[in-house]
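For reference, positions follow the sequence shown, starting with 1.
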Amino acid sequence: TMAFSLALAGSVMITVSVVSIGSECLQSDEDGSWIEFGSLQFWQRFFCFSSGCFIYVLLSKCAFPEPEEIIATSILASSDAVTRVGESFDSGEREDSDVEN
């Protein structure tokens with residue numbers, strides 16, 4: 001149920017961002033009419049909105065990893081450490097047995 005709640009909240013946030021904020025970005029400040037497609041004001045707002053989306057994606061992928069990725073990395077690192085300890089233990093036994101013979 002927690003996953004469903006989080007998915008619902010995420011979809012609501014995306015819908016509000018696109019429908020509400022996106023449409024407000026395309027309206028003129030003076031009279032509330034739509035701005036022209038190729039005008040300077042359109043491209044300024046389009047660039048700023050796109051930059052915000054790009055920065056969000058960049059931060060979510062690079063700066064703040066998902067908790068599952070952190071857990072998987074730590075489990076992989078701990079299993080590698082156990083393997084290395086086991087290998088060094090095995091090689092230590094072989095060296096001792098070679099010295100005794």
Side-chain angles (χ1 to χ4, degrees):
T1 61
M2 178 67 92
F4 174 74
S5 300
L6 291 174
L8 181 63
S11 63
V12 167
M13 287 188 284
I14 290 173
T15 303
V16 167
S17 297
V18 171
V19 172
S20 179
I21 298 172
S23 64
E24 289 179 13
C25 287
L26 297 176
Q27 290 181 351
S28 177
D29 293 333
E30 293 84 28
D31 57 0
S33 64
W34 297 101
I35 57 176
E36 293 183 31
F37 177 69
S39 66
L40 178 63
Q41 189 178 26
F42 172 81
W43 289 114
Q44 286 176 340
R45 292 181 182 193
F46 179 79
F47 176 74
C48 291
F49 192 77
S50 300
S51 298
C53 292
F54 175 73
I55 290 170
Y56 169 76
V57 170
L58 184 69
L59 286 174
S60 66
K61 296 295 180 188
C62 299
F64 304 108
E66 294 291 328
E68 290 84 11
E69 293 174 3
I70 296 171
I71 292 170
T73 304
S74 66
I75 290 173
L76 182 62
S78 65
S79 67
D80 286 344
V82 168
T83 304
R84 282 190 227 119
V85 168
E87 289 174 355
S88 65
F89 181 72
D90 290 342
S91 64
E93 285 183 349
R94 290 183 193 133
E95 290 173 3
D96 292 340
S97 62
D98 291 340
V99 172
E100 291 175 7
N101 291 332

Please check: side-chain N/O of [X] versus main-chain N/O of [Y], any donor-acceptor pairing under 3.5 Å?
X   : Y   : answer
S20 : S17 : no
S50 : F47 : no
R45 : Q27 : yes

Report task. To the nearest 0.5 angstrom, please state how far the CD atom of E68 sits from the CD1 atom of I75. Result ->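 The CD1 atom of I75 is 11.0 Å from CD of E68, to the nearest 0.5 Å.
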Query raised in the report: Residues sharing W43's hydrophobic cluster, by side-chain heavy-atom contacts under 4.5 Å among ILVMFWY, directly or via others?
Result: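 Once heavy-atom contacts under 4.5 Å are chained together, W43 belongs with L26, W34, I35, F37, F42, F46.
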Query - Student check: side-chain heavy atoms of C25 and I21 closer than 4.5 Å - result: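 Side-chain contact under 4.5 Å: yes.
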Query raised in the report: With sequence neighbours left out, what residues match S28 under side chain to side chain donor-acceptor pair (under 3.5 Å)?
Result: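 Partners of S28 under the side chain to side chain donor-acceptor pair (under 3.5 Å) test: E30.
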